[in-house]
Amino acid sequence: MTSAAPAISSPVGVIAGGGTMPFAVAESLAKRGIAPVLFALRGACDPVRVEGFRHRWISVGQLGRATKLFREEGCRDLIFIGTLMRPALSEIRLDLKTLRVLGNVIRAFRGGDDHLLSGVGRILEQDGFRMVGIKDVAPDLLMPEGCITRATPAANASADIVRGREVLAALGPFDIGQAAVVIDGHVVAVEDIEGTDGLLARVARLRADGRIRAPSGRGVLVKAPKSSQDLRYDLPTIGPRTVEGAAKAGLAGIAVIAGNTLAAEPQAMIEAADAGRLFVVGLPS
């Protein structure tokens, strides 16, 4: 876990997966006078948007090339950010450096996404790099505490939030997921390999099939980091798409852990939630 924010050295290497967050992090760094260099992961990072930033392309499994580029760009501090579909080991073309630490790479693949990222992070730290987190480089992108929407949780929703936090705390050691949907005290679904979007789509299907009897506008999506998670890696993320999925699932709102959840496109998210009369609330950790 990160503790007090370290003094960040410029430039910062942003190991960029898919989605909007790598670019939001780069923009946040630039606003504070810290130069970002995006190391765009092939097959994941947006090839159009990355053109707006200083960047180099890297591939999963090419640790030798990646570390060479990190050094060429003068990046001591590195951050992983963005989505990445986990490849099978058999699909990765390994370079010589990766082969030298193959045992560590295989161990990193045995576990959830945060286990994989923290395992690769440890390998990079052994090479003299420093892995940092969002709290260190872009704290403005983290969800604040309190309700950020016009709608607020009713009493039944507040009870569902408490139950959701209890469920996620119990599931955390098993590395299953970071989200659960609770409706009127009943845990109707938990996140698995399909992610939060898939979880919400599943709840929408259950409603459409009549498997969920509660009326629309009840229930909460609760998201929280796993209890043993290194908070530099794979933080829960919400954004406009999450709000859209929650609305289609007929939920009343979304509750996440303040300071430990990324808020993608926050203004658009708030506008979407207000339009759909959903609440979005940051919970104290």
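Keep in mind that this is a model prediction, so the values were computed, not measured.
Distance check, rounded to the nearest 0.5 Å: OG1 of T149 to CZ of F279 gives 8.0 Å. Taken from CZ in R76 to CD1 in I8, the straight-line distance is 9.0 Å, to the nearest 0.5 Å.
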With a 3.5 Å cut-off and sequence neighbours excluded, list the donor-acceptor pairs that the side chains of residues 255-264 form with protein atoms.
unit_1 : atom_1 : unit_2 : atom_2 : d
N260   : OD1    : K135   : NZ     : 2.8
T261   : OG1    : I257   : N      : 3.4
T261   : OG1    : I257   : O      : 2.9

Please tabulate, for the side chains in residues 159-173, all donor-acceptor contacts under 3.5 angstrom to protein atoms that are two or more places apart in sequence or on a different chain.
unit_1 : atom_1 : unit_2 : atom_2 : d
D160   : OD1    : D184   : N      : 3.3
D160   : OD1    : G185   : N      : 2.7
D160   : OD2    : D184   : N      : 3.0
R163   : NH1    : G185   : O      : 3.0
R165   : NH1    : P284   : O      : 3.0
R165   : NH2    : P284   : O      : 3.3

Please table the atom pairs, donor to acceptor, closer than 3.5 Å between any side-chain atom in residues 36-48 and protein atoms at least two apart or in another chain.
unit_1 : atom_1 : unit_2 : atom_2 : d
D46    : OD1    : V48    : N      : 2.8
D46    : OD1    : R49    : N      : 3.2

Determine, stepwise, if the pair T242 / T237 fulfils side chain to side chain contact (heavy atoms under 4.5 Å, CB included).
CA-CA 9 Å; T242 318; T237 302; over 6 Å; no
Any chance you could lay out the side chain to side chain contact (heavy atoms under 4.5 Å, CB included) test for M269 and I148, step after step, and finish with the verdict?
CA-CA 10 Å; M269 178 178 68; I148 61 172; 3.9 Å; yes
Please walk me through it: do E27 and K31 pass salt bridge (charged side-chain N to carboxylate O under 4.0 Å, His left out)?
CA-CA 6 Å; E27 289 166 356; K31 286 177 184 174; 5.7 Å; no
Let's go through D230 and R232 carefully: what are the C-alpha distance in whole Å and the side-chain angles of both, what is the deciding distance for salt bridge (charged side-chain N to carboxylate O under 4.0 Å, His left out) to 0.1 Å, and is it a yes or a no?
CA-CA 5 Å; D230 187 329; R232 292 175 297 177; 2.7 Å; yes
Candidate pair I79 and I134, rule side chain to side chain contact (heavy atoms under 4.5 Å, CB included), full reasoning
CA-CA 8 Å; I79 180 170; I134 286 291; 3.8 Å; yes
Where do V14 and F53 land on the side chain to side chain contact (heavy atoms under 4.5 Å, CB included) test, with the steps shown first?
CA-CA 11 Å; V14 180; F53 301 87; over 6 Å; no
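Note on I254 and L251: same hydrophobic cluster, where clusters join Ile, Leu, Val, Met, Phe, Trp and Tyr whose side-chain heavy atoms are under 4.5 Å apart, directly or indirectly. In terms of hydrophobic clustering, with Ile, Leu, Val, Met, Phe, Trp and Tyr side chains grouped at heavy-atom distances under 4.5 Å, V190 and L221 are assigned to different clusters. Taken together through direct or relayed side-chain contacts under 4.5 Å among Ile, Leu, Val, Met, Phe, Trp and Tyr, V120 and L78 form part of one hydrophobic cluster. In the hydrophobic clustering of ILVMFWY residues, with side-chain heavy atoms under 4.5 Å counting as a link, I238 and L200 come out together. I176 and V188 end up in different hydrophobic clusters when Ile, Leu, Val, Met, Phe, Trp and Tyr side chains are linked at under 4.5 Å.
Summarising the geometry of F80 relative to L124, their closest heavy-atom pair is CZ-CD1, 4.2 Å, with the distance given to 0.1 Å. Across all their heavy atoms, G19 and T83 have their closest contact at N-OG1, 4.0 Å. Contact between M143 and V280 at its shortest, heavy atoms only, is CE-CG1, 3.7 Å. The nearest pair of heavy atoms linking K223 to P236 is CE-CB, 4.0 Å. Annotation for P240 and A268: closest pair CG-CB, 3.8 Å, computed over non-hydrogen atoms. Across S10 and A35, no two heavy atoms sit closer than the pair OG-N, 3.0 Å.
Contacts of F129 classified as ring pair (Phe, Tyr, Trp, His ring centres under 6.0 Å), with partners at least two apart in sequence or in another chain: F70. Annotation: side-chain contact (heavy atoms from CB on, under 4.5 Å) contacts of A189 (sequence neighbours excluded): L199, R202, V203. R150 is linked by a salt bridge (charged side-chain N to carboxylate O under 4.0 Å, His left out) to D274, counting only residues two or more places apart in sequence or in another chain.
For the pair L235/L142, a side-chain contact is recorded, criterion being any heavy-atom separation below 4.5 Å from C-beta on.
Under 3.5 Å, the side chains of T67 and D127 contain no donor-acceptor pair of N or O atoms.
A 6.0 Å sphere centred on CZ of R277 holds no more than 12 heavy atoms belonging to other residues, nucleotides or ligands.
Without hydrogens or angle criteria, E191 side chain to T196 main chain gives a donor-acceptor distance under 3.5 Å. Checking side-chain atoms of R207 against main-chain N and O of I212 turns up no donor-acceptor pair under 3.5 Å. Side-chain atoms of R218 never come within 3.5 Å of backbone atoms of G250 as a donor-acceptor pair (strictly under, hydrogens ignored). Not a single donor-acceptor pair under 3.5 Å links the side chain of D77 to the backbone N or O of V12.
A salt bridge links K248 with E244; the closest basic N to acidic carboxylate O contact falls under 4.0 Å.
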